[in-house]
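Below is one structure, written out as structure tokens, with a few remarks after it.
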Amino acid sequence: MFIGAIGCEPLQLKRVGLENSRTLDVYRQHGGYEALKKVLDGMSPEDVIGEVKKSALRGRGGAGFPTGMKWSFVPKDSPKPKYVVCNADESEPGTFKDRFLMERDPHMLIEGMLIAAYALGSRTTYIYTRGEYRYLINILDAAIQEAREAGLVGDRIMGTEFSCEVFTHTGAGAYICGEETALLNSLEGLRGHPRMKPPFPAIAGLYGCPTVVNNVETLTAVPDIIKMGGEAYQKLGTQKSGGTKVWSVSGHVNRPGVYELPMGYEDMEKFIMEDCGGMLGGKQLKAVIPGGSSVYIMPATDIVGKKVKMDYEGLVVAGSMVGSGGFIVMDETVDVFESTKNLTEFYKHESCGWCTPCREGTDWLVKVFKRIAKGEGRPEDAQLLLDLCDNIEGKSFCPLGDAAAWPIQSAIKKFPEDFRRHLMPMATRTAEAVAAD
Amino acid sequence: MSQQFTPNNPLPQEAKVPVEMAVFSLDVEAEIDRHLAKYPVKRSAILPLMFIVQRERGGYLDPPGVAYLADRLDVRITDIWEVATFYSMINTEPVGTYHIQVCRTLSCKILGAGKITEQCSTRLGIKPGETTPDGKFSLSEVECLGSCGTAPMLQIGFDFHENLTAEKLDKILDTCERGEYVFTVKG
């Protein structure tokens with residue numbers, strides 16, 4: 001598996017290839033904790049937030065909300081304790097970048113959390129890691145211990161007035177806990193149901209206190225933003241999407257892996273065909289899901305020769321989204337009906353059951369998909385699936401419902417043939433179509 | 001019609017079944033204390049503690065383990081069950097010594113996850129969701145485990161086994177069958 005940067009100097013991935021990259025020594029030899037020192041040496045919390053705002057850093061978990069703005073929502077005069085929570089519940093199908101950021105460079109995350117905590121006036125921070133990533137919790141715990149012994153975590157960090165704790169916390173296998181309010185419920189020891197917003201976590205989050213929840217990749221970008229300045233970081237990318245983005249590439253390519261690209265990377269086709277080593281076995285590209293399973297699927301015709309720009313704006317123009325950057329490449333052998341069925345089963349399994357449209361809707365969708373897969377498809381089923389999606393999208397309590405509907409809506413729209421083949425009455429199907437099933 | 005239990009009509013005393021409470025070693029108690037110390041609210045430690053209890057009680061939350069958790073966290077037994085039943089990694093029933101969890105989601109699926117599950121099924125003689133009669137193996141199909149770039153993959157306990165091939169899988173199952181499998185990630 002490839003891990004590295006293309007089209008830019010590696011920023012988030014600059015230490016991942018080093019021997020013992022996860023140790024404090026190596027981290028410090030390569031610029032580690034310099035940003036924290038700079039912050040504690042004379043930046044005010046407002047200065048830090050200002051730099052993050054200038055950087056045009058957008059949340060890397062999927063929603064892409066501007067990080068500096070999120071931070072500025074935390075009330076400064078609140079007498080309550082404030083919390084910084086790192087969302088390391090990476091569960092979006094196709095996404096595994098946070099895993100390697102934490103595995104190879106855990107101190108980068110700890111430094112990012114400390115800087116965030118300083119900016120927001122927090123003394124306690126938690127890293128909520130998905131339960132399946134237990135080995136990462138062990139790595140993070142070891143790194144936190146190392147940092148504590150070096151006076152970088154705990155009381156009076158670097159001899160200053162700033163004190164802050166970093167704790168790890170484990171999830172236990174629930175995709176929904178990647179949704180920030182569900183994560184906070186889970187961290188409070190409850191079922192991982194999402195909460196009503198508002199109040200947003202910045203006002204009333206963990207234990208009812210002001211809280212910022214940020215993705216791993218968002219927080220690991222912070223030390224570099226402080227070091228180089230927000231403006232310089234923004235210039236690595238585009239005006240509205242600052243910096244670099246780490247993509248997780250999987251599926252039918254010769255070189256899957258974790259790729260760091262500048263925001264606004266010029267051409268998705270070149271990325272697949274050259275940077276990722278081209279299609280596995282020389283087969284034809286059929287489709288790409290560029291931002292984790294929840295985003296719209298893109299047919300090859302929307303990619304090849306289209307110079308799709310890989311950033312928040314570029315992908316919207318091309319008919320999809322950056323999402324979490326889980327880049328799944330599919331070749332001509334994939335039946336998009338089957339791949340969509342697979343993802344729908346995922347959403348049904350992961351629906352938390354809190355609201356009716358999502359709980360019942362995803363279950364019903366799976367029932368329809370299974371019936372069609374058994375060969376009992378009817379021509380009107382495509383419309384039935386779309387109607388079901390329409391009753392989930394925008395009508396569910398949290399974005400999981402939308403995430404379940406979007407893959408289906410886009411798959412039916414972009415690959416009508418793959419569905420039509422399954423939806424013809426058995427008797428009228430050509431021998432070829434039946435064989436292909 | 002069954003009786004409705006409400007705050008005004010509580011569960012009758014005789015309906016409460018006394019449950020013996022699990023006892024743990026001093027080391028485990030110290031580990032539990034370290035988790036509790038992280039949070040201003042005890043209940044926050046529920047998931048880390050559940051993992052410890054299930055590790056110490058043969059792989060699942062048995063009634064004495066649940067009673068212990070409720071007591072240690074100052075919550076009701078029902079609160080423990082409420083949380084336990086939500087999370088797929090918390091087992092409320094016994095699972096095999098080697099819990100084979102094959103990722104079934106898209107990236108793994110298009111690179112042959114189905115064949116991996118089939119091979120496990122054939123070799124172990126169980127379907128996903130089942131445990132072998134000797135209690136050695138359980139087989140599950142699970143959702144995305146974040147190893148999409150190294151698909152297909154499976155997890156045994158907390159160990160990742162990636163870039164699987166038929167031969168590689170056979171070797172892993174061989175070591176399990178001989179009882180020589182060593183869990184590399186400590187839970």
Side-chain angles (χ1 to χ4, degrees), chain A residues 1-2 81 90-96 98-100 124 126 130-135 138 165 167-175 177 186-193 206-207 248-252 256-258 280 289 293 326 328 330-331 333-334 338-339 342-343 345-346 349-350 352-353, chain B residues 34-35 37-52 54 69 73 75 79-80 82-91 101 103-111 113-114 141-151 153 155 157-160 162-163 183-187:
Chain A
M1 207 184 72
F2 173 84
E90 182 173 63
S91 325
E92 177 80 3
T95 316
F96 47 97
D98 295 345
R99 181 181 157 196
F100 288 96
T124 313
Y126 295 99
R130 67 179 296 187
E132 293 89 344
Y133 284 177
R134 171 53 56 96
Y135 82 105
N138 298 346
E165 282 296 340
F167 296 121
T168 54
H169 182 85
T170 178
Y175 170 71
C177 292
S186 181
L187 188 47
E188 288 186 18
L190 305 166
R191 287 165 80 90
H193 293 307
L206 188 61
Y207 311 121
S248 321
V249 180
S250 66
H252 293 134
V258 181
L280 198 63
I289 299 175
S293 62
I328 308 172
M330 296 184 274
D331 71 17
T333 62
V334 173
E338 283 293 336
S339 71
N342 179 280
L343 292 180
E345 285 165 347
F346 169 83
H349 185 262
E350 299 299 341
C352 77
Chain B
R34 282 199 296 278
H35 281 292
K38 293 181 189 175
Y39 314 97
V41 174
K42 272 190 189 175
R43 185 173 175 149
S44 278
I46 201 164
L47 289 178
L49 263 54
M50 279 178 173
F51 276 111
I52 294 173
Q54 99 179 2
L69 283 169
L73 294 166
V75 295
D79 295 328
I80 301 294
E82 181 192 24
V83 173
T85 49
F86 185 82
Y87 295 94
S88 65
M89 292 181 75
I90 304 299
N91 302 316
Q101 300 157 87
C103 174
R104 64 161 291 282
T105 320
L106 191 54
S107 297
C108 279
K109 182 197 153 84
I110 62 177
L111 289 166
E141 283 186 290
V142 296
E143 300 295 350
C144 188
L145 292 175
S147 298
C148 323
T150 41
M153 67 81 65
Q155 214 177 13
F158 294 117
D159 296 351
F160 282 87
E162 306 177 277
N163 291 317
F183 289 95
T184 49
V185 180
K186 298 214 165 31

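Per chain, numbering begins at 1; letters A, B, ... match sequence-line order.
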Note to self: Less than 4.5 Å to any heavy atom of chain B: does that hold for the side chain of A:Y207, its backbone, both, or neither?
What the structure shows: side chain
Notebook entry, point to check: In terms of heavy-atom pairs under 4.5 Å, which option from A:D331, A:L206, A:V334, A:N342 contacts chain B the most?
Noted result: A:N342
Notebook entry, point to check: If you tally heavy-atom pairs under 4.5 Å against chain B, which of A:H169, A:M1, A:E90, A:E165 wins?
Noted result: A:H169
Notebook entry, point to check: Most heavy-atom pairs under 4.5 angstrom with chain B, which of A:G353, A:G326, A:S186, A:P81?
Noted result: A:S186
Checklist line | B:E82, part contacting chain A, at a heavy-atom distance under 4.5 Å | finding: both
Next item on the list: Measure the spacing between CG of A:L187 and CZ of B:R43 and express it to the nearest 0.5 Å.
Entry: 12.5 Å
Notebook entry, point to check: Is the distance between the ring centroids of A:F167 and B:Y39 less than 6.0 Å?
Noted result: no
Checklist line | Which of A:A172, A:G173, A:P256, A:S248 touches chain B most, by non-hydrogen pairs under 4.5 Å | finding: A:A172
Notebook entry, point to check: Between B:P48 and B:H35, which heavy-atom pair has the shortest distance, and what is it?
Noted result: CB-ND1, 3.6 Å
Checklist line | Portion of A:C352 that has a non-hydrogen atom of chain B nearer than 4.5 angstrom | finding: both
Note to self: At a heavy-atom distance under 4.5 Å, which candidate from A:G94, A:G192, A:P93 has the highest pair count against chain B?
What the structure shows: A:G192
Item checked: Contacting region of B:K109 [heavy-atom separation from chain A under 4.5 Å] -> side chain
Item checked: Contact origin within B:E162 toward chain A - heavy atom pairs under 4.5 Å -> side chain
Notebook entry, point to check: Does the side chain of B:I46 come within less than 4.5 Å of B:L69's, by heavy atoms?
Noted result: no
Notebook entry, point to check: Does some side-chain heavy atom of B:V83 sit less than 4.5 Å from a side-chain heavy atom of B:I90?
Noted result: no
Note to self: Heavy-atom pairs under 4.5 Å with chain A - which of B:C103, B:A151, B:A45, B:S88 has more of them than the others?
What the structure shows: B:S88
Notebook entry, point to check: With chain B, which of A:V258, A:L280, A:T95, A:N138 has the greatest number of heavy-atom pairs at distances under 4.5 Å?
Noted result: A:N138
Notebook entry, point to check: Checking B:Q54 side chain against B:M89 main chain: does a donor-acceptor pair fall under 3.5 Å?
Noted result: yes
Next item on the list: Check whether A:F2 gets within reach of chain B through its side chain, its backbone, both or neither, counting any heavy atom under 4.5 Å.
Entry: neither
Next item on the list: Sort out for me which residue in B:C108, B:C148, B:S147 forms a side-chain contact (heavy atoms from CB on, under 4.5 Å) with A:S250.
Entry: B:C148
Next item on the list: Validate the cation-pi geometry between A:R130 and A:Y133: distance from NZ or CZ to the six-membered ring centre under 6.0 Å, angle to the ring axis within 45°.
Entry: yes
Item checked: Interface moiety of A:R134 toward chain B, non-hydrogen atoms closer than 4.5 Å -> both
Next item on the list: Would you check if the distance from the ring center of A:Y175 to the ring center of A:H349 is below 6.0 Å?
Entry: no
